[in-house]
Amino acid sequence: MSYKAPKGTKDILPCESYIWEYIEKKARTLFEKANYKEIRTPVFESTELFARGVGDSTDIVNKEMYTFVQKDRSLTLRPENTAGVVRAFIEHGMHRLPGPLKLWYKGPMFRYERPQAGRQRQFHQLGLEIFGIESPSADAEAIQIAMKFLNELGLAGLVLEINNIGCPECRNEYKEKIKEAIRPKLREFCEDCHLRFEKNPLRILDCKNEKCRELLSTPEIDSVINREFICEPCVAHFEELKEYLKLLEIDYVINKKLVRGLDYYNRTVFEITSTNLGSQNAVCGGGRYDPLVETLGGPQTPAVGWAMGMERLFSLCKAPGQKPLDVFIVSDDTKEALKLASEIREHGISVDFDFSARKFAKQMEKASKTGARFALILREEELKTGELTLKNLATGNQEKVSPGEIPEKVNI
RNA sequence: GCGGGCGUCGCCAAGCGGUUAAGGCCCCGGAUUGUGGUUCCGGUAUUCGGGGGUUCGAAUCCCCUCGCUCGCCCCA
């Protein structure tokens, strides 16, 4: 009998954990510089929260949630974190804090989907949210920080796509116009698009089916897509965002067909994709969700945010190598070695040793294979004189040192 | 939910119907009872994801099943 990690999940092994640490540290540093505070919410919430928050016309809610019932209570492993953060925002009355409130989070999310490159059932997201600002200056800051972060990680081949999907009112009008334009040719669209036509016609614009894309680019439909149907205030909001992005020298592409799979978005939506990823090429996705706080029972509060898929990030960036071990103690006296190791560690030096007091040559070999910078020899001769032998494994030089000299010698 | 590819030691991998299942890496031991990263020698799969079947004989052929993987869909 052998066990495997469940489908779509992955162990993060010791050899890769430093990449996580590296990315998380970079994120924290950057976010804190911009006054974002970390928030940690539970990995499960009431199912109702996601049905309301994420939207029950979405695939996420309809077929991708890990839901379980306990004592008549339906709970769900979070498929994304905005709903949870908004819930916490409301529950703790954070709207009364001096605004705007800027939060960031990281952690595992769960979606029941067929795994493939860049898609897992348990995956990790890093995200941020800004509450209380209606002005696109908040959208711009959110985008700027996302781009800055990705650039700091040395990612190349990134494309920022933006769009404005209007507010609930003008979007409904837009939906109708799109439906009207598509209706004459509806029969030629794919099966999925027929469903979308009724449930969420805007998502037809996002269909990857070649035939559908062809149909969408016919003049009759394309002209409708490209005409501005969003209302004056929404247009103004979008124009202002573009000005901010120009001010910040952030390149973008306007993609009128960009809609997002979550129902809570309004106005600004954006996506950062990489040409170096497979078919799951979105590294970051987000947008504005002004109605959500109210939808979930809080006071009317505009908000904007984004999330990044950490596993997708890893496949794109190179992290610096792990720090080598400073000292490996070579000794045939396990007691002395253990004691010495704990003493030296007090000085902030990383130390390991062979627990089995093996042959001298074997221990030296181990020291070398471990990648330690120094071998510290403590055997009969050293115990007698009280002086230790410190060998630099890169140069081969060795010298006698007193225990007190070790921190200085090692930290050169 | 629907397609395609793949499953031989911890990892990489030969073998493609004939019987002790190559090889490399890693690991362990020795050459070398106080000096490693090089070298040399030795050790580690009763077994080929699992279950049936065909056959005198199967890792090799057939069926079923499980797992992994890539793509569709959707998204981070």
Side-chain angles (χ1 to χ4, degrees), chain A residues 1-10 13 15 54 57-64 78-82 106-127 146 150 190-193 195-196 200 203 206-210 212 258-262 269-274 277-287 305-316 328 330-332 354 356 358-383 389-398:
Chain A
M1 192 58 169
S2 70
Y3 297 100
K4 291 187 168 185
K7 197 186 196 69
T9 66
K10 278 208 169 84
L13 300 171
C15 63
V54 178
S57 80
T58 63
D59 280 2
I60 292 180
V61 169
N62 282 313
K63 44 188 195 192
E64 297 174 5
R78 61 184 184 195
E80 57 94 56
N81 207 27
T82 297
K106 64 172 161 62
M109 307 294 157
F110 307 84
R111 300 208 293 235
Y112 183 81
E113 301 177 88
R114 278 296 279 275
Q116 71 184 72
R119 193 173 77 186
Q120 291 169 214
R121 288 181 174 178
Q122 178 180 160
F123 60 102
H124 296 75
Q125 283 189 335
L126 182 70
L150 295 171
C190 71
E191 233 176 271
D192 290 321
C193 282
L195 286 173
R196 295 189 183 109
N200 194 347
R203 278 210 253 150
D206 212 21
C207 187
K208 307 286 192 300
N209 186 304
E210 230 175 87
C212 298
L258 178 65
V259 291
R260 316 228 65 247
L262 289 75
V269 293
F270 65 92
E271 214 166 82
I272 301 169
T273 57
S274 167
L277 281 173
S279 76
Q280 306 299 317
N281 64 352
V283 182
C284 175
W306 52 251
M308 287 186 189
M310 297 187 67
E311 284 84 354
R312 290 184 192 174
L313 237 42
F314 296 155
S315 57
L316 292 171
F328 192 94
V330 172
S331 172
D332 50 10
D354 188 293
S356 52
R358 289 194 295 175
K359 277 169 61 174
F360 189 78
K362 284 293 168 196
Q363 290 197 45
M364 284 302 294
E365 191 183 332
K366 184 79 181 286
S368 176
K369 283 186 177 165
T370 305
R373 293 161 55 222
F374 293 91
L376 185 60
I377 299 162
L378 169 67
R379 304 193 72 196
E380 212 174 325
E381 186 188 317
E382 284 80 8
L383 281 173
T389 305
L390 185 68
K391 175 165 186 167
N392 183 320
L393 289 169
T395 63
N397 297 333
Q398 64 181 53

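Here is how names work: the chains are called A, B, and so on, in the same order as the sequence lines, proteins then strands, and each is numbered from 1.
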(message) Please determine whether any donor N or O and acceptor N or O are separated by less than 3.5 Å between the side chain of Gln398(A) and the base of G36(B).
(response) no

(message) In this structure, how many angstroms lie between the P atom of G34(B) and the CG atom of Leu390(A), rounded?
(response) 20 Å

(request) Starting at atom CZ of Phe360(A), determine the distance to atom P of U33(B), rounded to an integer number of angstrom. (result) 12 Å

(request) Indicate, yes or no, whether a donor-acceptor pair under 3.5 Å links the base of C73(B) to the side chain of Arg203(A). (result) no

(request) Among A76(B), U35(B), G29(B), find the nucleotide with the atom closest to the side chain of Arg358(A). (result) G29(B)

(request) Measure from the side chain of Gln280(A), starting at C-beta and using heavy atoms only, and say which of G34(B), C27(B), C73(B) lies closest. (result) C73(B)

(message) Nearest whole Å is fine: how far is U32(B) C1' from Lys362(A) NZ?
(response) 10 Å

(request) To the nearest Å, give me how far apart NZ (Lys366(A)) and P (C27(B)) are. (result) 10 Å

(message) Determine whether a donor-acceptor pair (one donor, one acceptor, N or O, separation below 3.5 Å) exists between the side chain of Lys391(A) and the base of G36(B).
(response) yes

Any N/O pairs under 3.5 Å between the protein and nucleotides 66-70 of chain B? List them or say none.
| from | atom 1 | to | atom 2 | distance (Å) |
| --- | --- | --- | --- | --- |
| G67(B) | O2' | Lys4(A) | NZ | 2.9 |
| C68(B) | OP2 | Lys7(A) | NZ | 3.0 |
| C70(B) | OP2 | Ala117(A) | N | 3.2 |

(request) Take atom CD of Gln120(A) and atom C1' of G71(B), then tell me their distance rounded to the nearest Å. (result) 17 Å

(request) Provide, to the nearest angstrom, the distance between the NZ atom belonging to Lys359(A) and the P atom belonging to U33(B). (result) 6 Å

(request) Quickly work out the Leu393(A) CG to U38(B) P distance and round it to whole Å. (result) 13 Å

